[in-house]
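What follows is a set of notes on a single structure, which appears directly below.
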Amino acid sequence: MPQLSNFDEIYQFLHKRFENEKEYLQAVHEVLQDIVPIYNANEAYKSLDVIRRLCMPERIIYFTISWMNSDGDIEVNQGWRVQHNSAMGPYKGGLRFHPTVNLSVLKFLAFEQCFKNALTGLPMGGGKGGADFNPKGRSDRDIMLFCQAFMRELQRHIGANTDVPAGDINVGAREIGYLYGEYRRLNNRFEGVLTGKGLEFGGSYVRTEATGFGLIYFLEAVCRAQDSVVEGKTVIVSGAGNVALHAALKASEKGAKVVTLSNSRGLLYNEQGLSEADITWAIENHNQRDNILLDMEDEGMGKWQADETPWHIKCDIALPCATQNELDECDARKLIENGCTMILEGANMPCTDKAQNVFFDAKVTYVPGKASNAGGVALSGLEMSQNAMFSQRNAETLDEQLQTIMNHIHNLCVTEGKLGGETYINYMKGANVAAFRKLADAIVAQGV
Ligand code: NDP
């Protein structure tokens, strides 16, 4: 087949092959519109068919997880690892355990991950994996049994220099511990094969906080570029997990008023702003509670509103930190009507493409997750390098490195995202183009 060289041809080619994979097509579409002109202007990219090679995963591993739960019943789940692209380093990206996990979701996440990892400047390829297992309401023992069964299958496909998974939705420190224990038992090797590990067995300081903290460091860079500050701004946050809570904490430390958190069941609203103590309490307790936001209401930290999302609440800054496509066109319009001027994604692809268009039309600042939530994988990269050296850096050093990396990503976005003569910065274009150049150059240099 000849090299495809225009947006429609390339997109139609992918659409025809993967027409049922809507999240994957959405993620690819979002990137293609920005990178096709760069591709067409470069003969080497075209002659080596870089776009098609970059859009399709190098390898997809599918497995069935048959396991016995603590009641002695047999359960059967589906698991995947999408090893998308390794031109820049070992595949790197999280594992998600959620009933909505399917191949399309993991392919979109793995594709995005390649771009995000490229932006960090660290040698990491991109991948993503997970299972359709729902850990909600399960005993600790069932979680351990499932993690062990999952790793029995996954272990033969990963390795410190091959593929290094981390956490994602419903995969936190506890799950990484169980997964790592099983890997070590089966392979008789202590190596940096997973990141997000406990500090006692090769984990890194600041990894737990890195995605949320990094998001706020990026926000600070955005504010600096606009001669503004985070202090005094009203911020709405969606989600009440790892990313949301650490973003809320750092925003609050920087003097912002964080008025919401949310989850799949509703919203916690505190008009006065959650205190650092409130958010710290949530961080310390959310893993042990079914719905930490209801408990926060009981503790007098805000008002619970069942089945609500945060997007109708008046704010200066919105940080969607829960899941993909959680913020649609109507939500985007409501945010703009209420005076919101900055939207930075903590989650992966939380804004629909129509919502993004509303932001671009209104010329408000919109930063895609592949740039603004890259702090997590950046710290994972630093965890890998510490593991390779059998060392452990201190928290202060790592926090400084995280800030440096987020500022670096911000600068890349500004350089590539400034539209001719205008002051408006298109962070999405900036992130897509900067990452694409790095990935494409790595692919070209390594030949077919
Ligand atoms: P967690 O599992 O810690 O938290 C997820 C949160 O999102 C929970 O509050 C959950 O609520 C909520 N949520 C899940 N599904 C929905 C839904 N359909 N509607 C509304 N809320 C929902 O995950 P993380 O904080 O780790 O991840 C959040 C996002 O950030 C994901 O998009 C992830 O890919 C992305 N991300 C994570 C990184 C990390 O380092 N952990 C790195 C970069 C990106 P409930 O408890 O009710 O299900």
Stepwise, does the side-chain contact (heavy atoms from CB on, under 4.5 Å) test hold for Gln113 with Lys92?
-> CA-CA 8 Å; Gln113 193 80 46; Lys92 181 86 200 86; 5.6 Å; no
Approximate separation, where rounding is to 0.5 Å, of Leu54 CG and Ile35 CD1 | 6.0 Å
Kindly give the heavy-atom pair with the smallest separation between Lys128 and Leu109, and that separation in Å.
-> CG-CB, 3.4 Å
Keeping the roles fixed (side chain from Ser86, backbone from Gly125), state whether a donor-acceptor pair exists under 3.5 Å.
-> no
Check: Asn134 and Phe97 side chains under 4.5 Å, non-hydrogen atoms | no
Test side chain to side chain donor-acceptor pair (under 3.5 Å) applied to Thr397 and Asn394, step by step = CA-CA 6 Å; Thr397 307; Asn394 64 48; 2.7 Å; yes
Count the heavy atoms belonging to other residues, nucleotides or ligands that lie under 6.0 Å from OH of Tyr205, then report whether that count exceeds 12.
-> no
Could you tell me how the ring of Phe218 sits relative to the ring of Tyr427: parallel (under 30°), tilted (30 to 60°) or perpendicular (over 60°)?
-> perpendicular
Ring-ring centroid check Tyr178 Phe146, cutoff 6.0 Å = no
Check: Ile236 and Leu335 side chains under 4.5 Å, non-hydrogen atoms = yes
Could you walk me through whether Phe150 and Phe133 pass the ring-ring contact (aromatic ring centres under 6.0 Å, His included) test, one step at a time?
-> CA-CA 10 Å; Phe150 183 84; Phe133 170 64; 9.4 Å; no
If every non-hydrogen atom of Gly121 is compared with every non-hydrogen atom of Lys438, which pair is closest and at what distance?
-> CA-NZ, 4.5 Å
Flag, side chain of His286 to backbone of Ile283, donor-acceptor distance under 3.5 Å = yes
Those residues at least two apart in sequence (or on a different chain) that pass side chain to side chain donor-acceptor pair (under 3.5 Å) with Asn432 are Asp34, Lys370
Ala378 versus Leu122, closest heavy-atom pair with distance = O-CD1, 3.4 Å
Just jot down the side chain to side chain donor-acceptor pair (under 3.5 Å) partners of Ser104, sequence neighbours excluded, or say none.
-> Glu23
Asp399 side chain reached by Glu209 side chain, heavy atoms, under 4.5 Å | no
Is there a donor-acceptor pair closer than 3.5 Å between any side-chain N or O of Gln446 and the backbone N or O of Ala442?
-> yes
Going by an N to O cut-off under 4.0 Å, is there a salt bridge joining Arg138 and Glu75?
-> yes
Got a salt bridge between Asp331 and Lys334, using NZ or NE/NH1/NH2 to carboxylate O under 4.0 Å?
-> no
Within a strict 4.5 Å, meaning less than it, do heavy atoms of the Arg184 and Glu191 side chains meet?
-> no
Could you label the plane-to-plane angle of the Tyr62 and Trp80 rings as parallel, tilted or perpendicular, counting under 30° as parallel and over 60° as perpendicular?
-> tilted
Does the gap between the ring centers of His84 and Tyr91 come in under 6.0 Å?
-> no
Can you list the steps and then say if Val31 with Phe115 is a side-chain contact (heavy atoms from CB on, under 4.5 Å)?
-> CA-CA 9 Å; Val31 169; Phe115 286 74; 3.6 Å; yes
Check: Gln386 side chain, Gly202 main-chain N or O, donor-acceptor pair, under 3.5 Å | no
Which atom pair, heavy atoms only, marks the closest approach of Val377 to Met124?
-> O-CE, 3.6 Å
Side-chain contact test, heavy atoms from C-beta onward, threshold under 4.5 Å: evaluate it for Glu345 versus Ser372 and give yes or no.
-> yes
Salt-bridge criterion met for Arg81 and Asp163 (N-O under 4.0 Å) | yes
Nearest atoms (heavy-atom pairs only) where Ala110 meets Val82 | CB-CG1, 3.7 Å
Inspect the contact between Arg96 and Asp168 and indicate whether a charged nitrogen and a carboxylate oxygen are less than 4.0 angstrom apart.
-> yes
Answer yes or no: is there a side-chain heavy-atom contact under 4.5 Å between Gln83 and Pro57?
-> no
Going by the side chain to side chain contact (heavy atoms under 4.5 Å, CB included) test, name the single residue among Leu48, Asn85, Asp49, Ile51 that passes it with Ile443.
-> Asn85
Using modelled atom types only, decide if a donor and an acceptor are shared between the side chain of Asn373 and the backbone of Gly376 within a distance under 3.5 Å.
-> no
Do Cys413 and Val367 have side chains that get closer than 4.5 Å, going by heavy atoms?
-> no
CE of Met349 to OG1 of Thr352: how many Å apart, nearest 0.5 Å?
-> 9.5 Å
Indicate yes or no: at least one non-hydrogen side-chain atom of Gln78 is less than 4.5 angstrom from one of Ile65.
-> no
Given the rule in the side chain to side chain donor-acceptor pair (under 3.5 Å) test, do Asp142 and Asn69 qualify, once you have shown the distances and angles that lead to the verdict?
-> CA-CA 6 Å; Asp142 271 354; Asn69 67 24; 4.9 Å; no
Might you point out which heavy atoms bring Ala434 and Leu119 nearest each other, and give the distance in Å?
-> CB-CD2, 3.9 Å
Quick one: does NZ or CZ of Arg189 land under 6.0 Å from the six-membered ring centre of Tyr183, within 45 degrees of the ring axis?
-> no
Would you check if the side chain of Asn242 reaches a backbone N or O of Thr208 as a donor-acceptor pair within less than 3.5 Å?
-> yes
Full working for side chain to side chain donor-acceptor pair (under 3.5 Å) between Asn42 and Arg437 = CA-CA 10 Å; Asn42 186 308; Arg437 285 193 206 280; over 6 Å; no
salt_bridge(Arg333, Glu329) N-O dist < 4.0 Å | yes
Should the pair Asp328-Lys354 be classified as a salt bridge under the 4.0 Å nitrogen-to-oxygen rule?
-> no
Report the C-alpha separation of Phe201 and Phe190 in whole Å, then their side-chain angles, then the decisive distance to 0.1 Å, and conclude whether the ring-ring contact (aromatic ring centres under 6.0 Å, His included) test is met.
-> CA-CA 9 Å; Phe201 52 98; Phe190 190 99; 7.5 Å; no
Within 45 degrees of the axis of the six-membered ring of Phe18 and under 6.0 Å from its centre: does Lys107 put its NZ or CZ there?
-> yes
Could you walk me through whether Arg207 and Ser380 pass the side chain to side chain donor-acceptor pair (under 3.5 Å) test, one step at a time?
-> CA-CA 7 Å; Arg207 174 60 189 91; Ser380 277; 2.9 Å; yes
